Asks: 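The structure under discussion is supplied below as structure tokens; questions concerning it will follow.
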Amino acid sequence: MNTENKQEIEEDHEASLLNLRMGKIKHKIAIISGKGGVGKTLVTVNLAISLAMKGRNGKVGLLDADLHGPCVPKMLGMKGERLEAGPPGIFPAFGPLNIRVVSMDFLLPNDDEPVIWRGPLKMGAIKQFLSEIVWGDLDYLLIDLPPGTGDESLSVLQLIPDINGVIIVTIPSEVSKGVVKKAITFARKMEVPIIGIIENMSGLVCPHCGGKIEVFGKGGGEKMAAETGVPLLGSIPLDPRISLDSDSGIPFISEYRNSEAFKIFDSIVQKIEKFVEGV
Ligand SMILES: Nc1ncnc2c1ncn2[C@@H]1O[C@H](COP(=O)(O)OP(=O)(O)OP(=O)(O)O)[C@@H](O)[C@H]1O
Ligand SMILES: [Mg+2]
């Protein structure tokens with residue numbers, strides 16, 4: 001067999017494996033933003049918990065597609081987990097509420113080890129995460145992307161042609177708005193539906209006086225929604241408990257069921273459910 005034929009057969013095999021794995025997942029959603037540090041990972045982790053809490057124990061998957069700065073395991077209290085391989089492929093690790101999680105972090109020898117890869121290698125890794133992981137039958141797969149519209153985002157959107165859509169995370173500042181708009185244009189150019197915008201770090205309620213401090217300004221998410229025509233799914237406040245919890249690997253949403261943030265996540269999830277069901 002010549003090299004060209006061999007390559008063709010390998011590509012066919014990879015494509016059919018990808019179709020097989022992705023075909024078992026009802027809804028696939030990527031979480032993006034042009035800007036770094038706006039809370040994409042925090043939002044993704046808490047959305048996964050929120051979705052799983054609604055009768056989907058074991059039916060939610062989370063792919064940490066941030067190859068250079070994977071944070072999902074830390075936020076889910078899964079540091080030190082490893083992926084196990086069996087005859088059908090590589091199995092995801094199981095997190096709280098049996099969320100199936102895959103992250104580069106599970107493959108690195110230690111915390112200080114960086115991933116120093118160029119585009120094609122990154123595309124290859126994402127492809128393997130999607131096709132060689134035995135995700136199984138899932139209701140939702142959430143994909144946490146690194147900031148920007150680079151290789152990882154491009155690969156995910158290209159490799160999952162039937163992706164339900166993307167969720168854009170922003171913070172209220174003008175600086176964030178400017179960059180995040182690029183993510184909206186990116187999704188539109190890729191012809192991927194935009195489910196909506198989540199505004200994070202939207203004001204801080206003072207624990208002493210109860211007054212609201214608009215740390216990054218006010219109404220940025222609403223303005224962006226009006227300017228771009230993309231719906232605002234919800235605004236999540238800045239809360240020191242959210243940050244402390246994510247540092248200790250406890251998804252906020254599972255701890256504070258009476259908090260404002262819990263209710264906001266719940267209403268965002270309802271909007272996502274309606275979107276994917278076409279209601
Ligand atoms: N609403 C919030 N209240 C308090 N802390 C928050 C909130 N949202 C996010 N954080 C904290 O801010 C930091 C950055 O959040 P996160 O890592 O989710 O951002 P990101 O957009 O995923 O970053 P990156 O671009 O590097 O992937 C984390 O320490 C997180 O716990
Ligand atoms: Mg992140």
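This structure is a prediction, so every number in the text was calculated from the model and none was measured. Each ligand, and each atom within it, is numbered from 1 in the order the structure gives.
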Asks: Are Glu152 and Ser155 close enough that a side-chain donor and a side-chain acceptor fall under 3.5 Å?
Replies: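 No, because no side-chain N or O of Glu152 sits under 3.5 Å from a partner of the opposite role on Ser155.
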Asks: For atom 11 (C) of ligand 1, decide whether some protein heavy-atom distance is shorter than 4.0 Å.
Replies: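 No, because not a single protein heavy atom sits under 4.0 Å from atom 11 (C) of ligand 1.
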Asks: Check whether any N or O atom of Leu145, backbone or side chain, sits under 3.5 Å from an N or O atom of ligand 1, and answer yes or no.
Replies: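 In fact, backbone or side chain, Leu145 has no N or O that close.
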Asks: Where is the nearest protein heavy atom to atom 24 (P) of ligand 1: which residue, which atom, and how far?
Replies: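 It is Gly37 N, 3.5 Å.
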Asks: Is Asp139 paired with Lys59 through a side-chain N to carboxylate O contact shorter than 4.0 Å?
Replies: no
Asks: When you group the ILVMFWY residues by side-chain heavy-atom contacts below 4.5 Å and let the links chain together, are Val101 and Leu108 in the same group?
Replies: yes
Asks: Of the protein's non-hydrogen atoms, which lies at the shortest distance from atom 6 (C) of ligand 1, and what is that distance?
Replies: Ile242 CG2, 4.1 Å
Asks: Quick one: does ligand 1 sit under 4.0 Å from the side chain of Asp66, the backbone, both or neither, non-hydrogen atoms only?
Replies: side chain
Asks: Does Lys54 have more than 12 heavy atoms from other residues, nucleotides or ligands lying within 6.0 Å of its NZ?
Replies: yes
Asks: Which residue owns the protein heavy atom closest to atom 13 (C) of ligand 1, what's the atom, and how far is it?
Replies: Met201 CE, 4.8 Å
Asks: Among Asp144, Asp64, Asp66, whose side chain to side chain donor-acceptor pair (under 3.5 Å) with Thr41 holds?
Replies: Asp144
Asks: Is the backbone N or O of Cys206 less than 3.5 Å from a side-chain atom of Lys212, with the two atoms forming a donor-acceptor pair by type?
Replies: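 Pair absent, no side-chain N/O of Lys212 close to backbone of Cys206.
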Asks: With only distance considered, is Val38 within less than 3.5 Å of ligand 1 through an N or O on each side?
Replies: yes
Asks: With a 4.5 Å cut-off on side-chain heavy-atom distances among I, L, V, M, F, W and Y, is there a chain of contacts connecting Val179 to Val169?
Replies: no
Asks: Can we say Lys79 and Asp111 salt-bridge, meaning some charged N sits less than 4.0 Å from an Asp/Glu carboxylate O?
Replies: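 Salt bridge flag = yes for Asp111 with Lys79.
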Asks: Near Gly36, which atoms of ligand 1 are under 4.0 Å from a heavy atom of that residue?
Replies: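 Close to Gly36: 25 (O).
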Asks: For atom 18 (O) of ligand 1, what's the nearest protein heavy-atom neighbour? Residue, atom name and distance, please.
Replies: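 For atom 18 (O) of ligand 1, the nearest protein heavy atom comes out as Leu42 N, 2.8 Å.
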Asks: Return yes or no for this condition: an N or O of Asp239 is under 3.5 Å from an N or O of ligand 1.
Replies: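 Between Asp239 and ligand 1, an N or O pair is found under 3.5 Å apart.
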Asks: Starting from atom 21 (O) of ligand 1, find the nearest protein heavy-atom neighbour and note its residue, name and distance.
Replies: Lys40 NZ, 2.7 Å
Asks: Considering heavy atoms of the protein only, find what lies nearest to atom 31 (O) of ligand 1 and give residue, atom and distance to 0.1 Å.
Replies: Ser246 OG, 2.5 Å
Asks: Got more than 12 heavy atoms from elsewhere within 6.0 Å of NZ, Lys26?
Replies: no
Asks: Identify the closest protein heavy atom to atom 17 (O) of ligand 1: which residue and atom is it, and at what distance?
Replies: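 Minimum-distance protein heavy atom for atom 17 (O) of ligand 1 reads Met75 CE, 3.5 Å.
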Asks: Measuring from atom 1 (N) of ligand 1, which candidate in Pro237, Gly39, Ser243 has the nearest non-hydrogen atom?
Replies: Pro237
Asks: Checking only N/O/S atoms, does Thr41 have one that is under 2.8 Å from the Mg ion (ligand 2)?
Replies: yes
Asks: Can you check whether Phe252's main-chain N or O pairs, donor with acceptor, with Asn46's side chain at less than 3.5 Å?
Replies: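 Yes: the side chain of Asn46 pairs with the backbone of Phe252.
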Asks: Applying a heavy-atom cut-off of 4.0 Å, say which part of Asn200 lies close to ligand 1: side chain, backbone, both or neither.
Replies: side chain
